[in-house]
Amino acid sequence: MPPSIALSNQRSLIGVISDTHGLLRPEAITALQGCDLILHAGDIGAPEILEDLRDLAPVIAVKGNNDRAQWADLLPISHHLTVGPYTFLLTHDASALCVESVTPPVNMIISGHSHKPAITTR
């Protein structure tokens, strides 16, 4: 079973970011203000990005294809987590997944890599 995250509110705000490539834009910081949890879907670029995000909220991050430095070796390629009734899979490149074979089953896959915001329902 994926690790469960207990957030203090019944309604929690989860921020999603990816492909920062070492640059955390002021607009991103503003958008993530007030989040209860931040998920970074890889291509972080520098450990300082995660430190800055942790100033805003707890962070769960995965390694992207450009995260090649030694600090990034500590990051997982993917991460299952449960928040309330929802199970998520956080990964960098969803095109590398066989969605039907993801175990345990998930409600949502959160990924980066494409540099194109999108929500797809299957």
Next on the checklist: Starting from I119 and following side-chain heavy-atom contacts under 4.5 Å between hydrophobic residues (I, L, V, M, F, W, Y), which residues can be reached?
Outcome noted: none

Are [X] and [Y] connected, step by step, through hydrophobic side chains (Ile, Leu, Val, Met, Phe, Trp, Tyr) whose heavy atoms are closer than 4.5 Å?
X   : Y   : result
L39 : V59 : no
I77 : F88 : no
I17 : I60 : no

Item to check | Name of the residue among L81, V16, L13 meeting side-chain contact (heavy atoms from CB on, under 4.5 Å) with L37 | outcome: L81

Next on the checklist: Give me each pair satisfying ring-ring contact (aromatic ring centres under 6.0 Å, His included) with a member in residues 40-76, each pair once, sequence neighbours excluded.
Outcome noted: none

Next on the checklist: Can you pull out every ring-ring contact (aromatic ring centres under 6.0 Å, His included) where at least one residue sits in residues 98-122? Sequence neighbours excluded, please.
Outcome noted: H21-H115, H92-H113

Is there side-chain contact between [X] and [Y], with heavy atoms separated by less than 4.5 Å?
X   : Y   : value
N66 : R68 : yes
I44 : L75 : yes
N65 : D93 : no

Checklist entry - Do any N or O atoms from the side chain of D36 and from the backbone of I14 form a donor-acceptor pair under 3.5 angstrom? => result no

Under the side-chain contact (heavy atoms from CB on, under 4.5 Å) test, residues paired with [X] that sit two or more places apart:
X   : result
T91 : S78, L97, I109, S111
R25 : L23, E27
Q33 : I29, L56

